[in-house]
Amino acid sequence: MGRLPTTTGTTGWLRVYRSRPRAALRLVCFPHAGSGASLFHGWAERLPESVELVGVQYPGRQDRSREEPVSRLEVLADEVAAVVPRLFDRPVAFFGHSLGATVAFEVARRLSPRFPTPLAGLVVSARLPPTDRATTRYDFTRDDDLRRYLTRLGDRAGAVLSDPDLWDLLVPPLRGDLLMSQHYRYTPGPPLTCPLTLVAAAADHGCTIDDMRPWTKHTIGPADEHVVPGDHYYVDAPPRELFDVLAGAADRLG
């Protein structure tokens, strides 16, 4: 297997911020809309030595900012599925938060052979099942609609709305991700065979653990569920409980 990139200064899809050549499991992490692989920069230190964390870096952000963002989830999943097989010299699990959960799911569906999937496990966080679609009144191709959407997010988006330079830097990948989510349509197919872990945030009223439970229809493997402290963006300051969940999954899968 080829050596994986270890810093955000390296181009390509995959980021390893702390190399663990002897790790029993690779945990491939998919970020939420508008975010990038650096979201996971400090996570490795909070996971056991048996886990090597790999962040997925989408085009159009951070060190890939000069590339055109992808606005079709099917295209993004195809491209990631083409590069992740190099990781499978050991067991691999996926973690995806919000939009990243759907991307991780679609990448998992594309892995070959599909039955059984080579994936050791899938952890989905703060995301409605792929067959459910949240309604939206926004046209994300329009700046005014995007500003209204960001305003609804409150303090998190204040700096972007008030700083033209930040707007120019951060909005193109966010717009692409929001369009990706808006245009996504689930295509029926065989279920996964790997274990599935559901993670919801206690104060995320738009995506409760009850809302997420139909995810279990998309695998014939076992499923478990967890509620962690925080709101929809709890991953920006991840609580200890999340790493307990991930470490527990790693113990079962590695």
Side-chain angles (χ1 to χ4, degrees), residues 4-5 7-16 27-41 53-87 92 94-112 114 119 122-134 136 138-143 145-147 149-150 153 157 160 166-187 189 218 232-233 235-236:
L4 297 178
T7 70
T8 54
T10 305
T11 58
W13 289 93
L14 307 174
R15 302 288 180 277
V16 178
L27 181 66
V28 181
C29 295
F30 295 76
H32 57 77
S35 189
S38 65
L39 172 69
F40 309 109
H41 187 277
L53 187 146
V54 181
V56 179
Q57 186 75 300
Y58 306 154
R61 67 213 65 208
Q62 299 172 357
D63 59 317
R64 300 187 70 182
S65 60
R66 295 186 179 182
E67 301 178 46
E68 188 70 21
V70 177
S71 59
R72 302 297 297 189
L73 194 146
E74 297 81 2
V75 173
L76 182 65
D78 285 344
E79 296 200 27
V80 178
V83 300
V84 293
R86 65 186 293 196
L87 303 176
V92 171
F94 287 172
F95 169 87
H97 178 70
S98 194
L99 174 64
T102 306
V103 179
F105 169 71
E106 286 294 343
V107 173
R109 298 177 79 197
R110 285 159 169 75
L111 296 177
S112 180
R114 292 189 180 182
L119 197 65
L122 173 63
V123 182
V124 294
S125 166
R127 185 68 168 176
L128 296 176
T131 46
D132 293 355
R133 293 185 61 241
T136 179
Y138 301 105
D139 177 358
F140 293 120
T141 64
R142 296 170 54 91
D143 279 0
D145 269 22
L146 190 53
R147 287 183 179 277
Y149 171 81
L150 290 172
L153 298 182
V160 177
L166 276 180
W167 177 273
D168 291 341
L169 178 66
L170 300 179
V171 162
L174 175 61
R175 190 194 308 275
D177 287 354
L178 293 172
L179 288 170
M180 186 188 310
S181 180
Q182 195 172 53
H183 294 155
Y184 170 72
R185 298 293 183 274
Y186 170 75
T187 301
H218 296 284
H232 185 76
Y233 293 97
V235 291
D236 291 341

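Taken to the nearest 0.5 Å, the CG atom of Leu170 stands 10.0 Å off from the OG atom of Ser65. Taking NE2 of His32 as the start and CG of Leu174 as the end, the distance is 10.0 Å to the nearest 0.5 Å. Here CH2 of Trp13 is found 5.0 Å from CZ of Arg64. Values are rounded to the nearest 0.5 Å. Once rounded to the nearest 0.5 Å, the distance linking CD of Gln182 with OG of Ser71 reads 11.0 Å. Atom SG of Cys29 and atom CG of Leu14 lie 11.5 Å apart (nearest 0.5 Å). In this structure, the separation between CZ on Arg110 and CD on Glu79 is 11.0 Å, given to the nearest 0.5 Å.
Met180 and Val70 make their closest contact through CE-O, 3.0 Å (heavy atoms, listed as atom of the first residue, atom of the second, distance). The minimum heavy-atom distance linking Leu76 with Pro59 is given by the pair CD1-CD, 4.3 Å. The two residues Pro31 and Gly36 come nearest to each other via the heavy atoms CB-O, 3.7 Å. Scanning all heavy atoms of the two residues, the minimum distance from Pro69 to Gly60 falls at CG-CA, 4.0 Å. Closest heavy-atom contact between Arg127 and Ser98: CD-O, 3.1 Å. The heavy-atom pair separating Pro130 from His218 by the smallest distance is CG-NE2, 3.5 Å.
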Review point. Is there a side chain to side chain contact (heavy atoms under 4.5 Å, CB included) between Leu178 and Leu146 once you walk through the steps?
Key: CA-CA 9 Å; Leu178 293 172; Leu146 190 53; 3.6 Å; yes

Practice item. Kindly determine whether Leu39 and Val235 satisfy side chain to side chain contact (heavy atoms under 4.5 Å, CB included), including the steps that lead there. Key: CA-CA 8 Å; Leu39 172 69; Val235 291; 4.2 Å; yes

Practice item. Take Thr102 and Val124, measure what side chain to side chain contact (heavy atoms under 4.5 Å, CB included) needs, and give me the verdict at the end. Key: CA-CA 8 Å; Thr102 306; Val124 294; over 6 Å; no

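Inspection of the Glu106 and Tyr184 side chains reveals an N or O donor paired with an N or O acceptor under 3.5 Å. Side chains of Thr131 and Arg185: no donor on one and acceptor on the other come within 3.5 Å.
Between His97 and Tyr233, the distance separating the two ring centers is not shorter than 6.0 angstrom. The six-membered or imidazole ring of Phe94 lies near that of Phe30, with a centre-to-centre distance under 6.0 Å. Outside the 6.0 Å centre-distance limit, the rings of Phe140 and His183 are not counted as a close aromatic pair.
Looking at heavy atoms from C-beta onward, Leu119 lies in side-chain contact with Val92 at the 4.5 angstrom threshold. Val84 has its side chain out of reach of Val56: every pair of non-hydrogen atoms, C-beta onward, lies at least 4.5 Å apart. Residues Phe95 and Val28 are not in side-chain contact: their nearest non-hydrogen atoms beyond the backbone lie 4.5 Å or more apart.
A side-chain donor-acceptor contact under 3.5 Å links Arg15 to the backbone of Gly12.
Every residue two or more places apart in sequence or in another chain that forms a side-chain hydrogen bond (donor to acceptor under 3.5 Å, both in side chains) with Arg61 is listed here: Asp177.
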